[in-house]
Amino acid sequence: MKRFDPERVRHDVPELRRTVHGLEMAYLDSAASSLAPSSVIEAMSRYYERTHTNVHRGVYQIAEEATEAYELARRSVGSFIGAPHPDKEIVFTKNATESFNLFARAWGASVLGEGDVVVLTEMEHHANIVPWLQLKEERGIELRYLGVTDQFRLDLTRLDETLAGASLVSITAMSNVLGTIPPIRRIADAAHAAGALIAIDAAQLVGHAPMDVVDLGVDVACFSAHKMLGPTGIGVLWARAELLASMPPFLGGGGMILDVKLDSFKPADAPHRFEAGTPPIAEAVGLAAAVRYLRSLGMDAVAAHDLELTGYALERLGSQFGDKVRVYSPQDLVDRGGVLSLALEGVHAHDLAQVLDRHGVCVRPGHHCAKPLMRRLGVPATARVSFGPYSVERDIDALLGGIEHALGMFG
Amino acid sequence: MDDLEDLYREIILDHYRSPRNRGELPTPPAHRTEGFNPLCGDEIVLTIVLDDDVIEDVKVDGHGCSISQSSASLMTGVVKGKSIDDAKGAMRSFKRMMTVADEDDPDADEPIDVRKLGELAALQGVVKFPVRIKCATLAWNTLAQALVEMDA
Ligand SMILES: Cc1ncc(COP(=O)(O)O)c(C=O)c1O
């Protein structure tokens with residue numbers, strides 16, 4: 001595996017040139033949103049400076065160029081995740097949250113009824129819980145949950161029982177709180193054996209490790225561009241071609257139809273059927289540039305870099321603070337990514353994050369949109385540390401210094 | 001890091017470490033109200049007993065950051081044994097200090113005299129950290145809600 005130099009990545013990311021409180025920024029919040037390299041920002045500016053107009057409408061040159069750029073982005077994202085038919089399978093949405101809502105509304109609301117079962121896990125982000133709770137309220141579907149072990153792994157001891165009779169298993173491919181990567185292939189095989197579909201929340205995985213939807217054996221994947229070095233305002237719903245083709249539209253309007261009469265309409269084929277209205281064109285161009293950038297680093301190398309930093313952080317936190325810092329995250333470097341959640345003895349996560357801010361360290365305090373998981377862990381809030389390809393050991397050193405300060409202040 | 005010390009003054013840390021009037025009063029006779037700050041997951045349970053127009057007893061339970069918990073503790077010290085009118089007056093002053101004066105506060109635009117706020121003035125530094133204002137006002141907003149629920 002060829003490794004990249006994180007200092008070179010830092011050089012490519014303009015935001016890392018700014019300081020906070022006069023200090024170099026130690027950005028440890030990539031799980032919330034990642035920092036874009038200038039190639040992404042420039043691709044979007046270039047698009048606005050030279051090519052911008054609406055897509056799928058005009059016949060003039062720039063209209064064709066804009067359409068081409070947008071559709072090219074669809075193909076490049078599709079091939080990045082190993083989609084067999086990107087042109088038919090990649091739907092651009094606003095973010096991962098909208099992707100889940102689109103899937104729940106288009107597929108769930110048309111297929112699921114009273115008593116039909118959707119299996120989730122206790123480590124889901126609210127984006128993969130609330131849309132299903134809405135269907136539970138509206139249509140009486142049943143939700144079942146796979147639990148979380150004390151080692152912060154998915155509890156699969158009762159997998160087959162839980163899947164029996166289910167229509168869908170919708171699970172995270174990497175926890176945004178724990179960093180845990182569940183065995184998706186195994187769960188996908190079990191889901192299919194039970195006659196269920198499987199959807200994954202790939203928001204945390206896709207920008208941090210190699211991901212191939214065919215190898216994973218999944219039917220649906222949802223993610224956001226802004227967590228994979230891309231812009232905000234665009235997300236992706238990938239679904240197997242036959243599945244997507246079978247789904248009715250969710251939002252109606254321009255761009256998603258073949259024909260409209262006064263009393264009826266005919267929807268377009270997938271994926272355009274699911275892209276009502278003017279889509280996020282510049283953002284798609286930015287996402288394609290982010291994919292190019294990630295490919296140039298190599299996803300194996302990105303994953304290895306995250307793990308190396310995770311190992312360093314786990315080791316230093318343990319040796320420097322012992323029991324004073326609890327780490328909610330697997331303690332080994334197997335089947336996990338670069339995310340770990342911390343709780344300090346006697347210091348609330350919010351206070352810790354406030355002190356860390358004065359050290360130039362950006363971490364996220366709170367429940368991380370995973371309240372059921374926080375209840376399971378028995379903590380109201382954690383401070384989450386997460387890495388990106390621009391993260392370096394001195395970011396973690398700054399974190400350690402800030403933790404020392406907070407412990408001294410509140411202890 | 002001066003403004004950090006301004007935020008986490010010794011009084012605040014002291015009330016955080018040893019909160020006053022902590023716990024829950026039995027209901028009834030106490031009235032019980034819960035307050036949440038979804039931003040950081042702060043939760044406050046306020047139990048309060050009125051005797052006519054006097055706050056005879058009040059306790060706070062819950063969990064959260066040092067700002068929300070110390071503010072709750074400080075609040076109990078200020079309102080316990082006071083008339084409802086006095087408590088509402090302190091609430092208005094406090095919210096003015098936090099720059100989130102109520103719309104119906106006639107003195108909303110008046111400069112506040114922090115000396116009159118007593119120990120509550122310790123929370124003055126919060127204003128420089130706008131996200132934390134919600135933490136500081138949680139207890140007071142919960143008290144306001146409790147008084148509405150009790151028609152007081
Ligand atoms: C695991 C996971 N799923 C879904 C989301 C939702 O992403 P977005 O807010 O971009 O829709 C996030 C990020 O917040 C996440 O971490």
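First the proteins, then the strands, lettered A, B, ... as listed; each starts at 1. Just the heavy atoms: all of them, side chains too, but no hydrogens, waters or symmetry mates, feed the values below.
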| query | Can you name the closest pair of heavy atoms from A/Met409 and B/Leu4 and give their distance? | reply | CE-O, 4.2 Å
Please say whether more than 12 non-hydrogen atoms of neighbouring residues, nucleotides or ligands are located less than 6.0 Å from [atom1] in [X].
X: A/Asp323; atom1: CG; value: no
X: B/Lys59; atom1: NZ; value: yes
X: A/Lys94; atom1: NZ; value: no
X: A/Arg364; atom1: CZ; value: no

| said: Within the structure provided, determine whether A/His350 and B/Arg132 are in side-chain contact (heavy-atom separation under 4.5 Å). | reply: yes
| Within a strict 4.5 Å, meaning less than it, do heavy atoms of the B/Ile67 and A/Gln354 side chains meet? | no
| message | When you compare the side chains of A/Asp351 and B/Tyr16, does any donor N or O come within less than 3.5 Å of an acceptor on the partner? | response | no
| query | Which bit of A/Met374 is near chain B, if near means a heavy-atom gap under 4.5 Å: side chain, backbone, both or neither? | reply | neither
| message | If you count heavy-atom pairs within less than 4.5 Å of chain A, which of B/Gln69, B/His63, B/Arg17 leads? | response | B/Arg17
